[in-house]
Amino acid sequence: YIAAQCKVSVGRSLVVSDIVRAATREVPTASTNPRPPIVVSGVPGAGMSTVLAGVVAALEKQNPDTVVVPLFLGLDPASANLQSMLTHVCRELSIRQPPSDRGKPSITFDPPTDVDDLIRCLTGLVAAHKSAVIVVDSLPSLQDADDGPVGELKWLCLSKTVSWVLS
């Protein structure tokens, strides 16, 4: 999906590079503030998915020590479920390690089934990563367990070392 979207991306390189720069910007060590999420917004059909695909491709190419977790909600009907999304992000953060950490024992991941437990798991995984960017496209399509829209972003774990890019 990402490769296909990058092929049709025309005239968005400045936006992509601005987002990549913001997502990978160093946070001063003295700062106690977490990284704020980066929100890409626009009208439906404006090309936000294409921009985020370009961001993922650029991050993976330019920042090999950064773990990049892309999630394009809606490509698969199950992907727009909050529990499925949290399980996917937790699994990816637990198994994907930057090159500098390869060879160290990996974190084993036995996914909890409760959303609150998944949020606690995600919080711990986010705290354990030195550098990661989590990209979530089409956030308004995210549904909770009752197939209703997810109104609160209590699952959005902010830290100094993990960036969230959302559309």
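Between Val20 and Val133, every side-chain heavy-atom pair lies at or beyond the 4.5 Å cut-off. In this structure, the side chains of Leu153 and Trp164 stay at 4.5 Å or more apart for every pair of heavy atoms. Counting heavy atoms from C-beta on, the side chains of Val16 and Val51 come closer than 4.5 Å.
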* Verdict with supporting geometry, Asn33 and Leu158, side-chain contact (heavy atoms from CB on, under 4.5 Å) -> CA-CA 9 Å; Asn33 297 329; Leu158 301 177; over 6 Å; no

* **Evaluation steps, side-chain contact (heavy atoms from CB on, under 4.5 Å), between Leu86 and Val115** => CA-CA 8 Å; Leu86 291 172; Val115 169; 3.9 Å; yes

* To do: Go through Leu166 and Val135 one step at a time and tell me if the side-chain contact (heavy atoms from CB on, under 4.5 Å) criterion holds.
  => CA-CA 6 Å; Leu166 311 167; Val135 178; over 6 Å; no

* To do: Could you please spell out the steps behind the side-chain contact (heavy atoms from CB on, under 4.5 Å) verdict for Asp65 and Asn63?
  => CA-CA 6 Å; Asp65 283 338; Asn63 301 282; over 6 Å; no

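Under the side chain to side chain donor-acceptor pair (under 3.5 Å) criterion, Asp18 pairs with Arg21, sequence neighbours left out. Qualifying side chain to side chain donor-acceptor pair (under 3.5 Å) partners for Ser84, counting only residues two or more places apart in sequence or in other chains: none. The side-chain contact (heavy atoms from CB on, under 4.5 Å) check on Lys154 picks up Asp116, Ile119, Glu152, with sequence neighbours excluded. Residues forming a side chain to side chain donor-acceptor pair (under 3.5 Å) with Asp117 (at least two apart in sequence, or on another chain): Arg120. Residues satisfying the side chain to side chain donor-acceptor pair (under 3.5 Å) test with Ser141, not counting sequence neighbours, are Ser138.
Met85 contributes atom CE, which lies 8.5 Å from atom SG of Cys90 (distance to the nearest 0.5 angstrom). How far CG of Leu14 is from CD1 of Ile19: 10.0 Å, rounded to the nearest 0.5 Å. Atom CD in Glu92 sits 10.5 Å away from atom CD1 in Ile134 (nearest 0.5 Å). Note that NE2 of His88 and CG of Leu71 are 5.0 Å apart. Values are rounded to the nearest 0.5 Å. Taken from CG in Leu73 to CG in Leu82, the straight-line distance is 10.0 Å, to the nearest 0.5 Å.
The two atoms that bring Thr123 and Cys157 nearest to each other are OG1-SG, 3.2 Å, heavy atoms only. Closest of all the heavy-atom pairs between Asn81 and Leu142 is C-CD1, 3.9 Å. When all heavy atoms are compared, the tightest approach of Ser167 to Met48 is CB-CB, 4.2 Å.
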Donor-acceptor pairs are to be reported for all side-chain atoms of residues 35-47 against protein atoms at under 3.5 Å, with residues two or more places apart or in another chain.
unit_1, atom_1, unit_2, atom_2, d
Arg35, NE, Lys160, O, 3.0
Arg35, NE, Ser163, OG, 3.4
Arg35, NH1, Ala23, O, 3.2
Arg35, NH1, Arg25, O, 2.9
Arg35, NH1, Ser163, OG, 3.3
Arg35, NH2, Arg25, O, 2.6

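Checking side-chain atoms of Gln83 against main-chain N and O of Asp114 turns up no donor-acceptor pair under 3.5 Å.
Under 3.5 Å, the side chains of Thr161 and Ser131 contain no donor-acceptor pair of N or O atoms.
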